[in-house]
**Q** 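Right, I'll just put the structure down here and ask away after.
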Protein chains: 2
Amino acid sequence: MIVIADALKKRGFRVTAPRVSIFNVLQKASYPMSVQEVKMGTKGVDTVTVYRTLEAFKQAGLVVQVDLQRGHALYELKEGKSDHHHIVCMSCKKIEDFTGCDYQPIAQQALKKSKGFAKIISHSLELFGLCALCATK
Amino acid sequence: MIVIADALKKRGFRVTAPRVSIFNVLQKASYPMSVQEVKMGTKGVDTVTVYRTLEAFKQAGLVVQVDLQRGHALYELKEGKSDHHHIVCMSCKKIEDFTGCDYQPIAQQALKKSKGFAKIISHSLELFGLCALCATK
DNA sequence: ATTCTACTTGCAAATAAATTGCAAGTAGAA
DNA sequence: TTCTACTTGCAATTTATTTGCAAGTAGAAT
Ligand SMILES: [Mn+2]
Ligand SMILES: [Mn+2]
Ligand SMILES: [Zn+2]
Ligand SMILES: [Zn+2]
């Protein structure tokens with residue numbers, strides 16, 4: 001359980017109501033959320049503030065952005081959870097977490113083979129498929 | 001070298017000037033392109049047509065969508081190239097391909113552990129880091 | 001070659017996503 | 001309590017993507 005105020009202060013953020021609220025919304029979520037969903041989860045935080053806060057949290061390493069080939073980005077807390085990724089149903093959009101992404105060797109090999117890259121900081125990995133329900137239809 | 005007309009016919013597409021043009025643009029590219037870039041590469045194809053064509057090509061398995069945490073999607077031809085992914089410089093946006101994504105075991109394990117997924121159809125994997133140039137700054 | 005029609009396209013318009021500018025508000029240091 | 005750099009909301013933009021529709025055409029059927 002992360003103490004929100006501490007998490008914010010530790011990264012040099014002022015502790016404000018919108019930030020605490022957004023953090024709380026993300027912490028309760030069990031799947032990555034869109035900007036709109038995060039906004040809905042708060043009481044009256046402006047959309048722009050959600051954008052700015054999520055971007056700041058992302059820069060600070062508090063949050064990760066998840067792209068699932070929708071028209072918009074999703075975000076989820078990084079803290080607390082270990083490196084994990086998602087299986088997504090291409091039909092009904094259901095999302096499940098999965099772990100076991102052993103990307104270090106892949107990243108190191110990619111870096112070695114690469115012509116002009118110096119370091120790898122993060123990675124994204126998502127699986128797209130069909131859930132049991134949608135697969136039968 | 002893919003024969004464009006055949007590639008289109010084989011998938012049930014009519015062979016039209018915009019489609020051939022878009023296909024050619026993608027074929028010349030050495031990195032995934034945005035809708036705007038594809039449009040610029042053609043002579044007068046409408047933006048909407050680019051959207052619709054890329055989506056159709058994607059559905060047909062001719063093209064893959066690449067999300068690099070920008071505000072928009074990128075697209076590249078699938079045909080001809082083997083399964084590959086990208087290293088992206090978070091600073092200057094440079095993109096390099098890399099191969100060696102051995103995702104089958106990861107996907108199979110994720111599927112086995114999963115509660116409600118039946119099959120995996122595709123995957124995305126991107127590495128984010130710094131190129132040699134940007135790393136020194 | 002001509003006809004026919006379902007598939008395509010461009011254009012306008014709408015909707016959605018993300019960014020920017022700025023004045024008013026405030027957390028936290030002093 | 002004061003002060004100020006950091007935050008926020010609101011309006012306005014910009015950029016991304018989708019939708020509706022009438023006009024155009026590729027390719028199948030004469
Ligand atoms: Mn997750
Ligand atoms: Mn590529
Ligand atoms: Zn499903
Ligand atoms: Zn760079």
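Letters A, B, ... are given to chains in the order of the sequence lines, protein chains preceding strands, and every chain is numbered from 1.
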**Q** If only atom types and distance count, is the side chain of B:T53 paired as donor or acceptor with the main-chain N or O of B:T49 below 3.5 Å?
**A** yes
**Q** Calculate the interatomic distance between B:E37 atom CD and D:dT17 atom P; express it in whole Å.
**A** 12 Å
**Q** Distance check, rounded to the nearest 0.5 Å: A:E37 atom CD versus A:L74 atom CG?
**A**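 Output value for this atom pair is 7.0 Å.
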**Q** Looking at residues at least two apart in the chain, or sitting in another chain, which of them share a salt bridge (Lys or Arg N to Asp or Glu O under 4.0 Å) with B:R52?
**A**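 For B:R52, no residue satisfies salt bridge (Lys or Arg N to Asp or Glu O under 4.0 Å) once neighbours in sequence are set aside.
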**Q** Check for me, please, whether B:V50 and B:V63 land in the same ILVMFWY cluster - side-chain distances under 4.5 Å, paths through other members count.
**A** yes
**Q** Between A:E126 and A:V88, is there a donor-acceptor pair closer than 3.5 Å when you use the side chain of the first and the backbone of the second?
**A**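 No: the side chain of A:E126 does not pair with the backbone of A:V88.
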**Q** Just how far is it from atom CZ of B:F128 to atom SG of B:C89, taken to the nearest 0.5 Å?
**A**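 B:F128 CZ to B:C89 SG: 11.5 Å, rounded to 0.5 Å.
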**Q** Give the residues of residues 88-95 of chain B touching DNA chain C, defined as any heavy atom closer than 4.0 Å, sorted by residue number.
**A**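 Nucleic-acid contacts, sorted: none.
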**Q** Decide yes or no for B:L8 and B:F57: does some side-chain heavy atom of the first lie under 4.5 Å from some side-chain heavy atom of the second?
**A** yes
**Q** Identify, with sequence neighbours excluded, every residue that meets side chain to side chain donor-acceptor pair (under 3.5 Å) alongside B:Q69.
**A**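 Only A:K58 meet the side chain to side chain donor-acceptor pair (under 3.5 Å) criterion with B:Q69.
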**Q** Only counting residues at least two apart or in another chain, list the ones meeting salt bridge (Lys or Arg N to Asp or Glu O under 4.0 Å) with A:D67.
**A**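 With sequence neighbours excluded, A:D67 shows a salt bridge (Lys or Arg N to Asp or Glu O under 4.0 Å) to no residue whatsoever.
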**Q** With sequence neighbours left out, which residue pairs that include part of residues 97-108 of chain B fulfil the salt bridge (charged side-chain N to carboxylate O under 4.0 Å, His left out) condition?
**A** B:K81-B:D97
**Q** So which residues get pulled into B:V48's cluster when ILVMFWY side chains under 4.5 Å apart are joined, directly or through others?
**A** none
**Q** Return the set of residues passing ring pair (Phe, Tyr, Trp, His ring centres under 6.0 Å) with B:H84 (not counting sequence neighbours), or none when no residue passes.
**A**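 Checked B:H84 against ring pair (Phe, Tyr, Trp, His ring centres under 6.0 Å); matches are B:H86.
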**Q** Counting a pair only when it is Watson-Crick or G-U and both distances are under 3.5 Å, which runs of at least 3 such pairs involve DNA chain C?
**A** C:1-30 with D:1-30
**Q** Could you say whether A:R19 or A:R70 is positioned toward the 5' end of DNA chain D, judged by the nucleotide with the nearest heavy atom to each?
**A**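 Checking each residue's closest nucleotide, the 5'-ward one belongs to A:R19.
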**Q** Between the side chain of A:R70 and the main-chain N/O of A:K93, is any donor-acceptor distance below 3.5 Å?
**A** yes
**Q** Evaluate the side chain to side chain contact (heavy atoms under 4.5 Å, CB included) criterion for residues A:V45 and A:V38: first the C-alpha distance (whole Å), next the side-chain angles of each, then the deciding distance (0.1 Å), finally the verdict.
**A** CA-CA 9 Å; A:V45 176; A:V38 171; over 6 Å; no
**Q** Strictly under 3.5 Å: I want the nitrogen or oxygen pairs between protein and nucleotides 27-30 of chain D, one per line.
**A**
residue : atom : partner : partner atom : Å
D:dG27  : OP1  : B:V15   : N            : 3.0

**Q** Quick check for you: name the first and last nucleotides of DNA chain C, 5' to 3', having an atom under 4.0 Å from a heavy atom of chain A.
**A** C:dA17 to C:dG28
**Q** Using whole Å, report how far CD of A:Q69 lies from C1' of D:dT17.
**A** 15 Å
**Q** Through direct or indirect side-chain contacts below 4.5 angstrom among Ile, Leu, Val, Met, Phe, Trp and Tyr, which residues connect to B:L127?
**A**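 Traced through the cluster, B:L127 reaches A:I87, A:F98, A:Y103, A:I106, A:L111, A:F117, A:I120, A:L125, A:L127, B:I87, B:F98, B:Y103, B:I106, B:L111, B:F117, B:I120, B:L125.
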**Q** Taking only heavy atoms on the protein side, list every residue of residues 46-59 of chain B lying under 4.0 Å from any atom of DNA chain C, sorted numerically.
**A** B:D46, B:V48, B:T49, B:R52
**Q** Name the residue closer to the 5' end of DNA chain C, choosing between B:G12 and B:G71 according to the nucleotide with the nearest heavy atom.
**A** B:G12
